[in-house]
2 protein chains.
Amino acid sequence: MTLKELAERLGLSPTTVSRALNGYPEVNADTRARIVAAAREYGYRANTMARKLATGRSMAIGHVIPLSAHQMINPIFAEFMAGASEIYSSEGYETLLSAVPQANEVQTYRELARRRSVDGLIVHTPRLDDPRVDLLRELGLPFVVHGRSVDIDEDRPVYLDINNRRSFEFATNYLIELGHRRFALLNGIETISFARRRRFGFEQALDAQGLRAPASRMVNMEMTETNAYDVTCAWLREPQPPTAILTSSTISALGVARAVRDAGLELGVDVSLISHDDDLSFMANEGDPPPFTVQRSSVRDAGAKCARMLIDHIAGKKVSSEIWDCEFIEGRSTGPAPKET
Amino acid sequence: MTLKELAERLGLSPTTVSRALNGYPEVNADTRARIVAAAREYGYRANTMARKLATGRSMAIGHVIPLSAHQMINPIFAEFMAGASEIYSSEGYETLLSAVPQANEVQTYRELARRRSVDGLIVHTPRLDDPRVDLLRELGLPFVVHGRSVDIDEDRPVYLDINNRRSFEFATNYLIELGHRRFALLNGIETISFARRRRFGFEQALDAQGLRAPASRMVNMEMTETNAYDVTCAWLREPQPPTAILTSSTISALGVARAVRDAGLELGVDVSLISHDDDLSFMANEGDPPPFTVQRSSVRDAGAKCARMLIDHIAGKKVSSEIWDCEFIEGRSTGPAPKET
DNA sequence: GTGAAAGCGCTAACAT
DNA sequence: ATGTTAGCGCTTTCAC
């Protein structure tokens, strides 16, 4: 069933039918009602391709993610997509997923732009000196960054970021207040800009109290359980092991927890652990629910927000970047710091 | 740069240029060379929407996945998509992702069909009595099922499945040979057809040796670490605990491993554990690499294969379903069964 | 081997 | 408030 056919059956012109169905105001209410009824009756749906060609808009949002799968396995990514998808479909957008090897990344964006496959893009997990921002600007494609790619001149791209610095500062302060003095930070690789900000927050909080963590206790690694396990084991074998460990993903938190247990120590008594997973954060001792939740500003909400920002951006509306603060949700303590030995 | 513009610059008709660029045979070799050169020079790319409209093909493959995120978090899904994506892009297809609440599933497929948004679909994680197969057939959309939805009359939809029954039979036999007699099965919920086949394989192997697992030792649960931990703890507290546990996901395997350790037992000595994660399977004791790999028939390959099958299917080629057998890759034992007590 | 012309199904000026 | 007319950029008969 095409628009033309529908129009013929109604004895109207395709134009009127199109207008009625697309909610243009200048259509007689009765006519519109008739048209809408007929459309439903015949199960008419506009052919997307025709519409796209005519309007020049693809009504699709692109997500280019590295094929390494590290990204896609990430529960954070899934949550983000869930939030974004909801907005997309409510606004009539489709989701175009490009899983490509990191090496083809630039080429993929170029192709997407040339073929006009998407109206806009979300940039995930910005890296330091990320080429994508400039690239997309050059290509003239609207985009929203989830995170911040640049430190100076932050306001140029539209972005939504979680205040990673502040949440780590906050968490560190919390542990300081509990009496901890020997800290360690198990962080992601610092090419991801999230990771660097987290370290800043951590160092800042320690600094303010005249404390510091030695370089050997601020580790940048790929966030796997095994890595976290190994590093933590090494720390715990040292003569003055850390009593407070901060890390930045659920996965690594599991490794830390295992190492603590295997060292014959108890989590929440001998060692306090705070994990801040990308945007979804909690203080992970054992138990469910976790005894202490840093925030649940919810990646899902972030996904929805980014989607909305992008759609507005595409529509030419003025959108401003946002930085979301983390909230501590449940204040249950993880137990006091151990006595100084 | 449009086709028309390019044609004008070359002093040719759009028709010829189109034919040359699309590899039609009836174009003079020289003309074609000129055209191709010019196209590259000007960076010409055909507008996908126009092409889509003209050909009636959307050049997109749809993946509808439940918003519950359980699916998307799944590393298996990520691997599958990685494999499929590679084929898609090499064949000029794009990936359309629809993350929708399970409740809107049917509606989503209908919409996709009516709007002609995709040329075909991959059906993930078929359930028992899955409505999608009949629905898609009704809608006339080509599709390939990853897994099998129906037991009887299996050959109707095009599918690619891993032989789950056989891999569990195999794994169970392996444990029987090691001397185990007390078995337990930690399985997914049986509305997922994978899960049921796994149980069949497990029971079949036991049966053949005159063994059986009591109903209380064949549990269907959502595959979370916590669930697995709890169930295993309960089992291990019983007077005659199982010495061999089979489970069907990496996540649940972690829970089992933790429970075994917490019970003061040793994995690979007191309890043998085999995990078969969706399609990516291994025998999980502690350590890396796992001491015993059931298979790595590789979900990625499966993704690529499904993609290829679907594309052929769309092209009208005859495709037949496949069932892939698992292979045991490394035969290192997990240690003997404990003495009967 | 090449081109002219007619769509694909829709939207958007521009009438009326 | 409705219709007429042109496209959108490409593919594809059908002539030559």
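Lettering of chains follows the sequences in order, A, B, ..., and the numbering in each one begins at 1. Bear in mind the structure is a predicted one, so any value in this text is a computation, not a measurement.
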Euclidean distance, atom [atom1] of residue [X] to atom [atom2] of [N] [Å, nearest integer]:
{"X": "B/Met59", "N": "C/dC8", "atom1": "CE", "atom2": "P", "answer": "21 Å"}
{"X": "A/Leu3", "N": "C/dG9", "atom1": "CG", "atom2": "P", "answer": "11 Å"}
{"X": "B/Lys4", "N": "D/dT11", "atom1": "NZ", "atom2": "P", "answer": "15 Å"}
{"X": "B/Arg115", "N": "C/dC10", "atom1": "CZ", "atom2": "P", "answer": "12 Å"}
{"X": "B/Asn47", "N": "D/dC10", "atom1": "CG", "atom2": "P", "answer": "6 Å"}
{"X": "A/Arg34", "N": "D/dT2", "atom1": "CZ", "atom2": "C1'", "answer": "12 Å"}
{"X": "B/Leu53", "N": "D/dG7", "atom1": "CG", "atom2": "P", "answer": "17 Å"}
{"X": "A/Met1", "N": "C/dC8", "atom1": "CE", "atom2": "C1'", "answer": "17 Å"}

*asked:* At a heavy-atom distance below 4.0 Å, what parts of residues 7-29 of chain A sit against DNA chain C?
replied: A/Thr15, A/Ser18, A/Arg19, A/Asn22, A/Tyr24

*Atom pair CD1/CG of A/Ile122 and A/Leu160 - distance to nearest 0.5 Å*: 9.0 Å

*asked:* Let me confirm one number: the NZ-NZ distance from B/Lys52 to A/Lys52, rounded to the nearest 0.5 Å.
replied: 4.5 Å

*Carboxylate-amine/guanidinium contact B/Glu138 B/Arg110, below 4.0 Å*: yes

*Verify salt bridge (charged side-chain N to carboxylate O under 4.0 Å, His left out) between B/Arg127 and B/Glu105, making sure each step is shown before the conclusion.*
CA-CA 13 Å; B/Arg127 309 179 289 270; B/Glu105 195 187 47; 2.9 Å; yes

*asked:* Check the phosphate of D/dT2 against A/Thr31, side-chain N and O only, distance under 4.0 Å to OP1 or OP2. Yes or no?
replied: yes

_With a cut-off of less than 4.0 Å, is there a side-chain N or O of A/Tyr44 near OP1 or OP2 of C/dG9?_
no

*Are a donor atom and an acceptor atom from the side chains of B/Ser18 and B/Thr15 found within less than 3.5 Å of each other?*
no

_Does A/Arg9 qualify as a cation-pi partner of A/Tyr42, given the criterion of NZ or CZ under 6.0 Å from the six-membered ring centre and within 45 degrees of its axis?_
yes

*Which nucleotide sits closest to the side chain of A/Thr55: D/dT11, C/dA12, D/dG9?*
C/dA12

_Let me spell it out: for each of B/Arg32 and B/Arg116, pick the nucleotide of DNA chain C with the closest heavy atom. Which residue's pick is nearer the 5' end?_
B/Arg32

_For A/His124 and A/Phe80, I'd like to know if the aromatic rings sit close, meaning centre-to-centre distance below 6.0 Å._
yes

